[in-house]
Structure formats: structure tokens, C-alpha cells
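Okay, so here's the structure we're looking at.
Quick caveat, the model's predicted, so the values are computed rather than measured.
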Amino acid sequence: MSFVEYSDLIQDGDVAIVYLNHISAMPVKVKHGAQTQTRYGVIRHSTDLIGQRYGSKVTCSKGGWVYVLHPTPELWTVSLPHRTQILYTTDIATITMMLELKPGSVVCESGTGSGSLSHAILRTIAPTGHLHTVEFHQQRAEKVAEEFKEHRVDHLVTVRNQDVCKDGFGVVGVADAVFLDIPSPWEAVGHAKAALKKHGGRVCSFSPCIEQVQRTCEVLADQGFQEISTLEVLLRVHDVRTISLPLPDFGPDPAARAEPGIVDKAPLPAAPNHSSVTMKTTTPPREMPGHTGYLTFATKPRT
Ligand SMILES: C[S@@+](CC[C@H](N)C(=O)[O-])C[C@H]1O[C@@H](n2cnc3c(N)ncnc32)[C@H](O)[C@@H]1O
């Protein structure tokens, strides 16, 4: 198992994703002799996991069952232990495309935070690219480096424990793309420019507040960045459900009453109409996740 390469069978030392239902999943470090408690009962790693195929349905001790899935950045994002706010897949998908990331890309990122975005970047740039990620909080930097090792992607990433606004990314003239998710991104724009290759590259900054965006755009323009554009992406999920709609009751049919010879008869009382149609459809949920942040993209031109 690795986050950038698929394997068929679950092995000792893997990180597997236990999928409980469509809104809850948990990562499990697979270990001979270990057990994991779920709401459906215990999973015994030696018998229930090791040697089984990824995607298997595993019956837990209370008779309930779960699916055990191969890890992906998307599943990691919905199951990882939060140490910070994280980026979710809707923003990550847009960032990956707009930064033009591909196998072999060299990327700089700060802050690393909980590593949600980092895992997606690593999967995209593997097997030949590299991620230089900067996190000034020491425990967060150490923890994420540990996770990269457990997920067998540490050969693709360098974690630096420093302040990106003061000390930059630790590399100059090597990056195809730079991503910023810090409270004062405008203070890191100069370092982003220095980290990008001489023949140019792309930059993205994620900020929740429009005032942060304004300051960042001003500095990007001052530093000679072009194609500056800010956007927001909102996801609308639809639930599939079967609904029943009552048919409208328009009262008795006047044509049915127009019998020849019967003129002055009082109208028949309308029979209550209880008929309905049942159909399968999709409905958006009543509550929808709203604003996450603005994504500001820009291009450093060839110098
Ligand atoms: C919101 S989190 C990033 C989340 C990350 N994008 C993810 O998807 O998991 C912001 C991180 O930036 C770090 N940070 C803030 N300012 C920084 C700076 N000047 N240099 C380095 N790291 C910084 C914080 O410690 C925090 O861990």
C-alpha cells in the first residue's frame, strides 16, 4: 500500500480506510494482533484484515459490517485527524487543475497544516515530482512528516519547519507551482516568486476573507504576476430519493355530468381524490456547506 500506488491485498503495516457509511470513515494502522473498535463491533487485524483484498466487506464482532478500502487522498481528507482547518476535495480539485499540476511537477506549499492538500498534490506529481512544504508549528511539522512516512510518500516530499514569510520555502528557482494557505499570504508572495522557476509558473492563495484577497492581489500585481483571478467554488450535492406527489383534485368532471335530459340536477359532491404518483428523483439537502475560502490564482511570466 502507498498513497500513490495501488495494491490488491491488505498487509501488515498498511494504513487502510474503514468505511462505516457514506458520511463516516476512519483510518486504521494495520498491525498483526491489533484490534479496532467500531460501532458495529471489533475488527481483528490478523484475521479480518491482513491478507484480505482491499474493498472487502468485513463482518465485525457484533454482526455488523464495514468495507475496508485502499487509501486515497480523497478518503484521507474525510478521515484524517484534524490538527487545523483543512482543505476539502472541491477546492483541492480546482487548485490541482488551475495550478496545472501533473506527474513531475515541483510544488511549494505553506502551511502544511494537517496535510489534506499535501496528499492530493503528492498523488498528482508522483512518481517524479517533489513537494516542498513549509509549516512553522513544530509539532504539526513533525506529525505530518511521520504520516508521509507511514503512507510511503516521504520520498516525494520535504517538510521544513520554518516561517514562510520570513525564511521562504528553502528552495529558489525550482518550482512549477506555489500554494499558500496562511493568514498573511501577501507577506509570502516575494518568496513564492523566488521559489518559482525562471521561465515562470503558477501560484494560488487560499483565504477566507476578502480583505486578505485584496492585499494579496495588490502584492501579486506589484511583483509582476499576471492573469490574476479570484474565484470561489461551491459544491451542491444531490440526494437520490423516492418521492410521492398527490395528484391535484380539480373536482368532478363537467363533461361526465352533461347527460342529455338531466338539466336542473344539483351537482354531485366531488369524491375526494387520494391518488398520487411515485417517482425517483434527486433533491439538494436543505443545508449546504457554504463559503470555505477564495482562491486567487496568478501566473509568474518568463523572466
Ligand atoms: C489552515 S492550515 C493549512 C491546512 C492545509 N492546507 C490542509 O489542507 O491541511 C494553516 C497552517 O499554516 C501554518 N502557518 C501559518 N502561518 C505560517 C507561516 N508564516 N509559515 C509557515 N506556516 C504557517 C499554521 O501553523 C497552520 O498549520
Side-chain angles (χ1 to χ4, degrees), residues 3-5 73 87 91-113 115-136 141 144-145 148 153-207 212-213 215-231 233 293-303:
F3 271 57
V4 296
E5 228 171 288
L87 289 176
D91 286 318
I92 291 173
T94 308
I95 293 162
T96 305
M97 181 192 66
M98 297 288 279
L99 286 182
E100 298 165 18
L101 304 187
K102 54 183 183 293
S105 297
V106 176
V107 183
C108 290
E109 174 201 33
S110 187
T112 324
S116 169
L117 176 70
S118 318
H119 281 80
I121 294 175
L122 290 169
R123 194 258 317 270
T124 305
I125 66 174
T128 49
H130 201 85
L131 173 65
H132 297 273
T133 188
V134 174
E135 170 57 61
F136 72 178
V144 85
F148 290 143
V153 290
D154 50 317
H155 58 294
L156 295 166
V157 52
T158 306
V159 182
R160 292 187 175 84
N161 178 213
Q162 61 195 37
D163 185 336
V164 73
C165 300
K166 287 205 203 109
D167 308 314
F169 292 93
V171 285
V172 169
V174 301
D176 299 291
V178 175
F179 178 81
L180 296 169
D181 180 2
I182 55 171
S184 54
W186 56 90
E187 291 180 24
V189 167
H191 293 298
K193 189 177 174 187
L196 285 166
K197 284 180 178 161
K198 252 184 151 333
H199 68 253
R202 294 278 285 161
V203 61
C204 174
S205 174
F206 173 93
S207 292
Q212 292 168 299
V213 174
R215 294 184 74 167
T216 307
C217 286
E218 274 167 22
V219 179
L220 283 168
D222 289 348
Q223 294 267 351
F225 280 85
Q226 296 178 353
E227 299 176 321
I228 300 170
S229 80
T230 298
L231 54 93
V233 193
Y294 300 105
L295 292 169
T296 297
F297 295 93
T299 302
K300 175 188 163 182
R302 183 188 288 269
T303 47

Residues forming a side-chain contact (heavy atoms from CB on, under 4.5 Å) with Arg160, sequence neighbours excluded: His132, Val134, Thr158, Gln162, Val171
side-chain contact (heavy atoms from CB on, under 4.5 Å) against Ala145, all qualifying residues, sequence neighbours excluded: Val159
Qualifying residue, where the test is side-chain contact (heavy atoms from CB on, under 4.5 Å) with Ile228 and the options are Val203, Thr216, Thr296: Thr296
Quick one: [atom1] on [X] to [atom2] on [Y], what's the gap to the nearest 0.5 Å?
X      : Y      : atom1 : atom2 : answer
Asp91  : Thr96  : CG    : OG1   : 10.5 Å
Arg215 : Glu187 : CZ    : CD    : 7.5 Å
His191 : Cys108 : NE2   : SG    : 12.0 Å
Phe297 : Met97  : CZ    : CE    : 7.5 Å
His130 : Leu122 : NE2   : CG    : 8.5 Å
Cys204 : Glu109 : SG    : CD    : 11.0 Å

Would you please test Trp186 and Gln212 for side chain to side chain contact (heavy atoms under 4.5 Å, CB included) and show each step? CA-CA 8 Å; Trp186 56 90; Gln212 292 168 299; 4.0 Å; yes
State which residues pass ring pair (Phe, Tyr, Trp, His ring centres under 6.0 Å) with Tyr294; sequence neighbours excluded, sorted by chain then number. His291
So do [Y] and [X] actually touch side chain to side chain, heavy atoms under 4.5 Å?
X      : Y      : value
Leu231 : Met98  : yes
His119 : Phe148 : yes
Phe206 : Phe179 : yes
Leu295 : Thr94  : yes
Val144 : Val157 : no

Qualifying salt bridge (charged side-chain N to carboxylate O under 4.0 Å, His left out) pairs, either residue in residues 119-134, two or more places apart: Glu74-Arg123
What residues form a side-chain hydrogen bond (donor to acceptor under 3.5 Å, both in side chains) with Lys102, not counting sequence neighbours? none
With side chain to side chain contact (heavy atoms under 4.5 Å, CB included) as the criterion, how do Leu101 and Val107 come out once you've worked through the C-alpha distance, each side chain's angles and the decisive distance to 0.1 Å? CA-CA 8 Å; Leu101 304 187; Val107 183; 3.7 Å; yes
Which heavy-atom pair separates [X] from [Y] by the least distance, and what is that distance?
X      : Y      : result
Val178 : Ala195 : CG2-CB, 4.4 Å
Ala188 : Leu180 : CB-CD2, 3.9 Å
Pro127 : Leu156 : O-CD2, 3.7 Å
Thr230 : Val213 : OG1-CG1, 3.6 Å
Phe3   : Val153 : CB-CG1, 3.9 Å
Gly224 : Pro301 : O-CD, 3.4 Å

Any donor-acceptor pair under 3.5 Å from Glu135 side chain to Gly111 backbone: no
Can you list the steps and then say if Val189 with Phe225 is a side chain to side chain contact (heavy atoms under 4.5 Å, CB included)? CA-CA 10 Å; Val189 167; Phe225 280 85; 4.0 Å; yes
Please, which pairs that meet side chain to side chain donor-acceptor pair (under 3.5 Å) have at least one residue in residues 193-205, sequence neighbours excluded? Asp176-Lys197, Arg202-Thr299
Between Thr124 and Ser105, is a side chain to side chain contact (heavy atoms under 4.5 Å, CB included) present by the stated rule, with each step listed? CA-CA 8 Å; Thr124 305; Ser105 297; over 6 Å; no
